[in-house]
S.K.: 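Here it is, the structure, as structure tokens.
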Amino acid sequence: MHQGSPLSPRECQCLTLAAHGMTSIDIGLKLSITERTVNFHFSNIISKLGVLNRHEAIAMGVAHGLVRVEPRNTPLVPLNPSRVRDAQLKRWEALRAKGAS
């Protein structure tokens, strides 16, 4: 619906905090908003970035410089291989290749 629209400052804050490993509850407490409001912002972020979920939004944010992540300050979360994740990676690569052409 909003794909391509710029992220609001609050959406950028939510995306950055999520990229640093914070949950919606943590983000809400930090920004003095409710968990529901954080999730509302994430639904807008997902729509604007044209991604499937929060994890793709974070990946796209990092890849496009919307979010700065310092590896030593960001917890690493192990990902188990899955068909869904593989499908998402293929979709991401296809979209990226399409955008590069």
S.K.: In Å and rounded to the nearest 0.5 Å, what is the CG to CD distance from Leu7 to Gln13?
M.R.: 12.0 Å

S.K.: If you take all heavy atoms of Cys14 and Ile45, which pair is closest and at what distance?
M.R.: CB-CD1, 4.4 Å

S.K.: For the side chain of Ser47 and the backbone of Ser43, is there at least one donor-acceptor N/O pair under 3.5 Å apart?
M.R.: no

S.K.: Only pairs under 3.5 Å count here: list side-chain donor-acceptor contacts from residues 30-37, not counting sequence neighbours, and write none if there are none.
M.R.:
from	atom 1	to	atom 2	distance (Å)
Thr34	OG1	Thr37	N	3.1
Thr34	OG1	Thr37	OG1	2.9

S.K.: If you compare all heavy atoms of Ala18 against all heavy atoms of Ile27, which two are closest, and at what distance to 0.1 Å?
M.R.: N-CD1, 3.8 Å

S.K.: Could you list who else is in Ile25's hydrophobic cluster, with ILVMFWY side chains joined at under 4.5 Å, directly or through other members?
M.R.: Leu29

S.K.: Would Thr23 and Asp26 count as having a side-chain donor-acceptor pair, cut-off 3.5 Å?
M.R.: yes

S.K.: Rounded to the nearest 0.5 Å, what's the gap from CZ on Phe42 to CD1 on Ile58? Could you check?
M.R.: 5.5 Å

S.K.: Find the distance between CG (Asn53) and CD1 (Ile46) and round it off to the nearest 0.5 Å.
M.R.: 6.5 Å

S.K.: Return the minimal non-hydrogen interatomic distance between Ser24 and Asn39, and the atom names on each side.
M.R.: OG-OD1, 2.7 Å

S.K.: For Glu11 and Pro6, which heavy atoms make the closest approach, and how far apart are they?
M.R.: OE1-O, 4.4 Å

S.K.: For side-chain contact (heavy atoms from CB on, under 4.5 Å), just list the numbers for Leu17 and Val38, CA-CA rounded to whole Å, side-chain angles, deciding distance to a tenth of an Å, and then say yes or no.
M.R.: CA-CA 11 Å; Leu17 294 173; Val38 173; over 6 Å; no

S.K.: Can Val62 be reached from Met60 by stepping across I, L, V, M, F, W or Y side chains whose heavy atoms are under 4.5 Å apart?
M.R.: yes

